[in-house]
Amino acid sequence: LEKMGAAVDVLDGSIRIRGGSLRGRDFDLNATPDALPAMAVAACFAEGATRLLNVPQARIKETDRIAVMRAELEKMGADIEELPAGLVINGGRALRGAEVCGHHDHRVVMSLAVALAGVVAACGSESADTGSGDEASAGGEQKSLTLCVLMPCSGDAALWCRTELASIEVAADHINADGGIKVGED
């Protein structure tokens, strides 16, 4: 992620990663095939092409992670190409919420959850009353988003179900024209 432009700080006992303008690049994942699902998702949010290369063994993990990540991210609108030993992801396109399948693979499930969290599929957006608190007096208009969230059901990575809709308050300048929350902010 640091090589793509994220700020990575190693702290005492933890790592803090802050977004920024991620840029696509080439990665040889031969030594780290388990990183393919997560890197494919990160590449969707980067500008330009990211090539995840030299990782044929990703096809013989819990599932064929190359084919599965291409298929599932395509459902979300990703511009992604499957190679014999990797993926090419042309990032910078907005992903959309979709019903996805984890294919009984925990790394795929975790990665798709991150992708869906990045999408924050807004089912509705309207101005919220900020009352007379500090935000209102500081001129910070708030928007209320109603979210549609998909979560794994019954511990089975292949089953996804809709959870209850939730509402959150978000600063108006952090909401894209399509109703999604801007990605890459601190």
Side-chain angles (χ1 to χ4, degrees), residues 1-10 15-122 147-152 157-158 160 174-186:
L1 292 174
E2 190 171 42
K3 290 179 180 178
M4 295 177 81
V8 178
D9 299 314
V10 179
I15 297 174
R16 180 177 62 189
I17 301 173
R18 287 175 285 132
S21 296
L22 298 181
R23 295 172 307 283
R25 59 174 294 143
D26 291 359
F27 291 98
D28 182 333
L29 295 182
N30 190 267
T32 55
D34 289 342
L36 182 125
M39 291 303 296
V41 168
C44 291
F45 295 102
E47 289 295 323
T50 299
R51 296 176 350 129
L52 307 177
L53 304 168
N54 193 26
V55 65
Q57 66 274 36
R59 291 195 181 275
I60 55 171
K61 292 298 207 168
E62 289 84 343
T63 189
D64 179 342
R65 290 180 177 162
I66 293 171
V68 162
M69 291 308 295
R70 183 211 34 88
E72 299 305 323
L73 290 172
E74 272 185 347
K75 290 178 187 177
M76 298 177 68
D79 180 359
I80 186 168
E81 176 187 351
E82 184 176 334
L83 303 174
L87 293 167
V88 177
I89 301 98
N90 295 301
R93 292 176 59 169
L95 295 181
R96 62 182 177 270
E99 199 162 321
V100 296
C101 179
H103 299 268
H104 300 284
D105 185 328
H106 67 288
R107 292 190 193 276
V108 170
V109 170
M110 290 184 294
S111 298
L112 292 174
V114 169
L116 289 165
V119 169
V120 189
L147 307 176
C148 296
V149 182
L150 296 176
M151 297 294 287
W160 291 77
H174 283 78
I175 299 177
N176 296 323
D178 64 1
I181 295 176
K182 292 180 185 176
V183 177
E185 304 288 329
D186 282 346

Could you walk me through whether Thr50 and Met39 satisfy the side chain to side chain contact (heavy atoms under 4.5 Å, CB included) test, starting with their C-alpha distance in whole Å, then the side-chain angles of each, then the deciding distance to 0.1 Å, before giving a yes or no? CA-CA 9 Å; Thr50 299; Met39 291 303 296; 5.7 Å; no
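- For Glu81, there are no salt bridge (Lys or Arg N to Asp or Glu O under 4.0 Å) partners, not counting sequence neighbours.
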Show me, pair by pair, the donor-acceptor contacts under 3.5 angstrom made by side chains of residues 67-76, not counting sequence neighbours?
from  : atom 1 : to     : atom 2 : distance (Å)
Arg70 : NE     : Glu82  : OE1    : 2.8
Arg70 : NH1    : Glu74  : OE1    : 2.9
Glu72 : OE1    : Lys75  : NZ     : 3.0
Glu72 : OE1    : Cys101 : N      : 3.0
Glu72 : OE2    : Lys75  : NZ     : 3.3
Glu72 : OE2    : His103 : NE2    : 2.8

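- Note that CD1 of Ile15 is 10.0 Å distant from CG of Leu1, once rounded to the nearest 0.5 Å.
- Residues Pro37 and Met110 are not in side-chain contact: their nearest non-hydrogen atoms beyond the backbone lie 4.5 Å or more apart.
- When all heavy atoms of Leu87 and Ala40 are compared, the closest pair comes out as CD1-CB, 4.1 Å.
- Between Leu53 atom CG and Asp26 atom CG the span is 5.5 Å, to the nearest 0.5 Å.
- The shortest side-chain heavy-atom distance between Leu36 and Ile66 falls under the 4.5 Å cut-off.
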Could you go through the side chain to side chain contact (heavy atoms under 4.5 Å, CB included) check for Lys3 and Arg25 one step at a time? CA-CA 8 Å; Lys3 290 179 180 178; Arg25 59 174 294 143; 3.6 Å; yes
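- Nearest heavy-atom pair, Val41 versus Ser111, reported as atom, atom and distance to 0.1 Å: CG2-O, 3.3 Å.
- Taking CD of Gln57 as the reference point, atom CG of Leu29 lies at 9.0 Å (rounded to 0.5 Å).
- Looking at every heavy atom in both residues, Gly97 comes nearest to Leu116 through CA-CD2, 4.3 Å.
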Evaluate the criterion side chain to side chain contact (heavy atoms under 4.5 Å, CB included) for residue pair Phe27 and Val55; output intermediate values, then yes/no. CA-CA 10 Å; Phe27 291 98; Val55 65; over 6 Å; no
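- Ile17 and Ala6 get closest at one heavy-atom pair: CG2-CB, 4.0 Å.
- Checking side-chain atoms of Arg93 against main-chain N and O of Phe45 turns up no donor-acceptor pair under 3.5 Å.
- The closest donor-acceptor contact from the side chain of Asp79 to the backbone of Asn90 lies at 3.5 Å or more, if one exists at all.
- Going from atom CD1 of Ile80 over to atom SG of Cys44 covers 5.5 Å, rounded to the nearest 0.5 Å.
- No more than 12 heavy-atom neighbours from other residues, nucleotides or ligands sit within 6.0 angstrom of CZ on Arg51.
- Salt-bridge check for Asp105 with Arg65: passed, with a basic side-chain N closer than 4.0 Å to an acidic carboxylate O.
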